[in-house]
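One structure is given here, and the rest of the page talks about it.
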2 protein chains.
Amino acid sequence: MATIKDVARHAGVSVATVSRVINGSPLTKPDTADLVKRTMRELGYRPNAAARTLVSKRSLAIGVVVADVSDPFFGSLVKYVDNVAHKQGHHLLIGNGYHEAAREKQAIESLIQNQVTALIVHSKALDNDTLRAYAQEHGAMVFINRLIPGLEDRCIYLDNYHGAFLATEHLIEQGHRYVAYIGSSHAIEDTEQRQQGYEDALNTCRVTDETHPVMMAFDTPEETGGERAMAALLEENDSLSAVFCYNDVMAAGAITALTDRGYRVPEDVSVVGFDDSLIARYLHPKLTSVRYPIEEMAELAAEQAIALSTKQPMRNEKGSYAPTLIKRNSVTKSSE
Amino acid sequence: MATIKDVARHAGVSVATVSRVINGSPLTKPDTADLVKRTMRELGYRPNAAARTLVSKRSLAIGVVVADVSDPFFGSLVKYVDNVAHKQGHHLLIGNGYHEAAREKQAIESLIQNQVTALIVHSKALDNDTLRAYAQEHGAMVFINRLIPGLEDRCIYLDNYHGAFLATEHLIEQGHRYVAYIGSSHAIEDTEQRQQGYEDALNTCRVTDETHPVMMAFDTPEETGGERAMAALLEENDSLSAVFCYNDVMAAGAITALTDRGYRVPEDVSVVGFDDSLIARYLHPKLTSVRYPIEEMAELAAEQAIALSTKQPMRNEKGSYAPTLIKRNSVTKSSE
DNA sequence: ATGAAAGCGCTAACAT
DNA sequence: ATGTTAGCGCTTTCAT
C-alpha cells in the first residue's frame, strides 16, 4: 500500500504538499496539484483513514446502534442515517443491541472506542442514568425513539400516546363500542404510552360508562403473541368488534386468530396496527396502521448528531414526532 | 479522553506495560496488571482504535457492502455477518451500493480506505474485471451472491438455475400444463439463470411439444412490475394456470393483478415466488417460494473473509448453495 | 518483568 | 507556494 511519502517522492514534492492536495487546500499551485493527483492515481494511493483520524482527532465515521438490522424498521433507520451521512462525506459503523442491556452497552462502547464522530443510539434496554453518562462522555450522541429527561435536545422520539389515541378514536368514530387493545408484555415505555392513549381515547369518547369498556390482553410483541392475545380476548368477550394492536406483527397474529375462528376482518372485527411496517401492505386485508415516520426521524437524528459533532448551531426542531393514521382495508364501520 | 500515557503515569508504570496488559500479554506480573486495570477503569480509559490500527496495521473492522440495508434480505445478510464478526471481536462498517456502479465503487473504496481487515461484497452493478482488481488489492475480500471466474474460492452464491428448475418442476408435477414465467427486466446474471432453469424444467418435463409452452413476461423486479407482467401474460394467454415469479414482490404484484381480475389464487392460478422473503408468509394466500439461505451464506462469507485476512487455512466448502422449495398455500393441483 | 525509544501515516504549525 | 518537523496514541523491538 502506497503511503503519502511514496507519493511525495514520486512527485518530487514534500509530504505537506501532498497532504494539501488531498485536503483540497487552496494554497497549492494548480500545476503541482495536478502532478500530485496524477501520481496518486498511478500509485493507487488511498489515504490511510486511521492515520488521519489519529492526527486530526476527527474521523468520518458515524456510529449507529439499533436492536437488529434485519428488522426492516431498523433497516430503514440505518438507511436514512446513511443517506445524510453519505451526503456529508461520512460512513457508517453499526452495532446491534438485540434489546439486551449488555449488548447495547458493548455496541456503544465499541463505537466510541472506534472514534466515531457522531452517534445515533436506539436503546430500550439501558436505563436513563447509563445513557446520560454516555451522552456526557460523547458530546455528539443522539437518541432515537426515546425521551431522556435532561437530554431533551438530544432525543428524537415518537408521540406514542397520540398515535394510540388516533387509532382508538378512529375505531370509535366508525361506530365501534367494544374496542379492545392488544399490548406488548415487554416493559418499555412505548408499551405504557400506547396503552394510555388507548384508554384515554376511550374515556374521552365515552358517552355512558357501559358503552366503551376497557378490554386488554398482553403478550410478546410478535405474531404468535398477537394470536394468543386475540384468542384470550375472544374467550372473554364475544361482543368485541374492533382491536387496536401494539404493532403490525401482533396485528397480523390477531388477524390469523380471528380468521381461524371464522371471524371475517373487517366485516366482523376491525383491526388497527402500529408502525405501518413493510408487512402492513401485504397483509390480507391490507392493514390500517399508525405510521411511524422513522425515515424523517432518522434523518433529523443524523443531522443533529453531525451538527453536535461540529459544534454547529443545530436546526432546533422539537424532537417529538406526530404519528398519522394510514387507512387501508382492515377497518369498517360497526354493523350495529 | 484519557490516553495510554495518562494511565501509565497514574499507575506509575511505563506505557509499554500498559500496552501489555491491554493486550493480555503474559509477561506482566499479576499485581502490576491488576493495578493497571484498576487505573484504566478509574480514568475511564478506552484504547484509541485509530492509533492501534495505525501501528499494528490491522483493524478489527469488517466491511460489508450491500445494495440497500432497509431491504430485509440485505438486513439479514448484514445481521449474520455481524454475528460471526462479533464472536471474533470484530465490528461492522457498512456501505450501500443501491445497485449503482458508482455507488458500489465508492462504498468499496471507502471501506478499503478505512482499513477494514476483511470485506464482504454484494455487487451486481460492477463488472468482473473491476471486481477482480479490487480482489487483488484487498486479499480478504469475498463476494456474495455472485460467481466471478478466476475467483471461485472467494465467491458464495446461490444456484439460481436449480431454484428456478425446482419451482417450475413442482408446478408441472401438480399437473399444470401452462406454466408462465414472470422475469426481471434488470440485466443481471440471476435473471437469465432463473429463466434458463424455468425453460429447462419445461423441456425436461415436456411430454409433447404442445403441452408445456414457454410463456414469459418481463418487468421491473418490484410489486408494480409483477402486476404489469401478470396483466400482459393474461392478455395473451387465458389458458395459463400457473406462474413462477422472479422474486416474492413480483409474485405479490402478480397475485394482486390476478385477484383484481377475478381469478382466485391458487384455485384458478397457482403462484410461486423466489427468495422466501419476509412477506411470503404474510401474503394471502401464503406464498410458496424458493428459499434463499442467505443466513448460512452470510455466515460462511464472513468466516471465509476473516480467514483470508488472517491467512488461516479456510474451511474449504464450495461456494454454491442449493435453494429449496418452501411449500405454502399459493399452489394447488391443476383442476384440468 | 519492565522501560526507553522508534515509528506507523498523516496533519498542522512554523519557516522560508 | 512549498518544505521541515513535531507529534497524534499506540505497539513493538531491544535493553536491562
Side-chain angles (χ1 to χ4, degrees), chain A residues 1-40 43-61 89 109-110 112-117 137 310, chain B residues 1-40 43-61 89 109-110 112-117 137 310:
Chain A
M1 192 71 205
T3 74
I4 198 172
K5 279 186 194 165
D6 299 325
V7 178
R9 186 153 26 82
H10 280 255
V13 298
S14 73
V15 294
T17 301
V18 178
S19 177
R20 288 193 188 96
V21 348
I22 291 173
N23 297 288
S25 157
L27 320 88
T28 36
K29 210 163 60 180
D31 295 0
T32 338
D34 285 347
L35 169 63
V36 170
K37 279 180 193 158
R38 192 154 5 96
T39 314
M40 294 196 300
L43 268 51
Y45 168 74
R46 296 190 203 289
N48 181 320
R52 289 182 106 167
T53 300
L54 179 58
V55 59
S56 67
K57 281 154 168 6
R58 42 163 281 146
S59 84
L60 292 175
E109 289 177 11
S110 161
I112 293 179
Q113 194 159 326
N114 281 280
Q115 313 298 117
V116 293
T117 203
E137 179 174 355
T310 56
Chain B
M1 193 71 202
T3 75
I4 199 173
K5 280 187 193 164
D6 299 326
V7 178
R9 189 154 23 85
H10 279 257
V13 298
S14 73
V15 294
T17 301
V18 179
S19 176
R20 289 194 187 94
V21 348
I22 292 173
N23 296 288
S25 158
L27 320 90
T28 36
K29 212 164 56 179
D31 295 0
T32 335
D34 286 347
L35 169 63
V36 170
K37 280 180 193 158
R38 193 158 0 99
T39 313
M40 292 195 303
L43 268 51
Y45 169 74
R46 296 190 203 289
N48 181 319
R52 286 182 108 165
T53 300
L54 179 59
V55 60
S56 66
K57 282 154 170 3
R58 41 161 280 146
S59 85
L60 293 174
E109 290 178 9
S110 160
I112 292 178
Q113 194 159 328
N114 281 280
Q115 314 297 119
V116 292
T117 203
E137 178 174 356
T310 56

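First the proteins, then the strands, lettered A, B, ... as listed; each starts at 1.
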Separation of [X] atom [atom1] from [N] atom [atom2], in whole Å?
{"X": "Met1(B)", "N": "dG9(D)", "atom1": "CE", "atom2": "C1'", "answer": "11 Å"}
{"X": "Asp6(A)", "N": "dG9(C)", "atom1": "CG", "atom2": "C1'", "answer": "10 Å"}
{"X": "Arg20(A)", "N": "dA15(C)", "atom1": "CZ", "atom2": "C1'", "answer": "11 Å"}
{"X": "Leu27(B)", "N": "dT12(D)", "atom1": "CG", "atom2": "C1'", "answer": "12 Å"}
{"X": "Ile4(B)", "N": "dC8(D)", "atom1": "CD1", "atom2": "C1'", "answer": "13 Å"}
{"X": "Leu43(B)", "N": "dG9(D)", "atom1": "CG", "atom2": "C1'", "answer": "15 Å"}
{"X": "Arg52(B)", "N": "dC8(D)", "atom1": "CZ", "atom2": "C1'", "answer": "16 Å"}
{"X": "Arg9(A)", "N": "dG9(C)", "atom1": "CZ", "atom2": "P", "answer": "12 Å"}

First encountered from the 5' end of DNA chain C, between Lys57(B) and Thr28(B):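 Residue closer to the 5' terminus by nearest nucleotide: Thr28(B).
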First encountered from the 5' end of DNA chain C, between Pro30(B) and Ala51(B):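 Upstream on the strand: Pro30(B).
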5' precedence on DNA chain D between Ala50(B) and Ala16(B) (nearest-nucleotide basis):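 Final value for this comparison: Ala50(B).
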Under 3.5 Å: donor-acceptor pair, side chain of Thr28(B), backbone of Arg20(B):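 Checked: no pair found.
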Is it true that a side-chain atom of Asp6(A) and a backbone atom of Thr3(A) form a donor plus acceptor pair closer than 3.5 Å?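 Confirmed, Asp6(A) side chain pairs with Thr3(A) backbone.
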Check every strand shown and say whether [X] touches a base, only sugar-phosphate, or nothing at a heavy-atom separation below 4.0 Å.
{"X": "Val13(B)", "answer": "sugar-phosphate"}
{"X": "Thr32(A)", "answer": "sugar-phosphate"}
{"X": "Ser19(B)", "answer": "base"}

dT2(C) phosphate, OP1 or OP2, under 4.0 Å from Thr17(B) side-chain N/O: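 Result: no.
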With a 4.0 Å limit, can you tell me whether Asn48(B) has a side-chain N or O closer than that to the phosphate oxygens OP1/OP2 of dC8(D)?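 Result: no.
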Between the base of dG9(D) and the side chain of Arg46(B), is one N or O donor paired with an acceptor at under 3.5 angstrom?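 No.
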Name of the residue among Ile4(B), Thr32(B), Ile22(B), Leu35(B) meeting side-chain contact (heavy atoms from CB on, under 4.5 Å) with Thr17(B):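 Exactly one candidate clears the test, Thr32(B).
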What nucleotide among [options] has an atom nearest to a side-chain atom of [X]?
{"X": "Lys29(B)", "options": "dG3(D), dC10(D), dA1(C)", "answer": "dA1(C)"}
{"X": "Leu54(B)", "options": "dC10(D), dA4(C), dG9(C)", "answer": "dG9(C)"}
{"X": "Ser14(A)", "options": "dT11(D), dT11(C), dG3(D)", "answer": "dG3(D)"}

Are the side chains of Arg46(B) and Glu137(A) in contact, using a 4.5 Å heavy-atom criterion?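 Contact flag for Glu137(A)/Arg46(B) side chains = yes.
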Any side-chain heavy-atom pair of Met40(B) and Val21(B) under 4.5 Å: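 Met40(B) reaches Val21(B) side chain to side chain.
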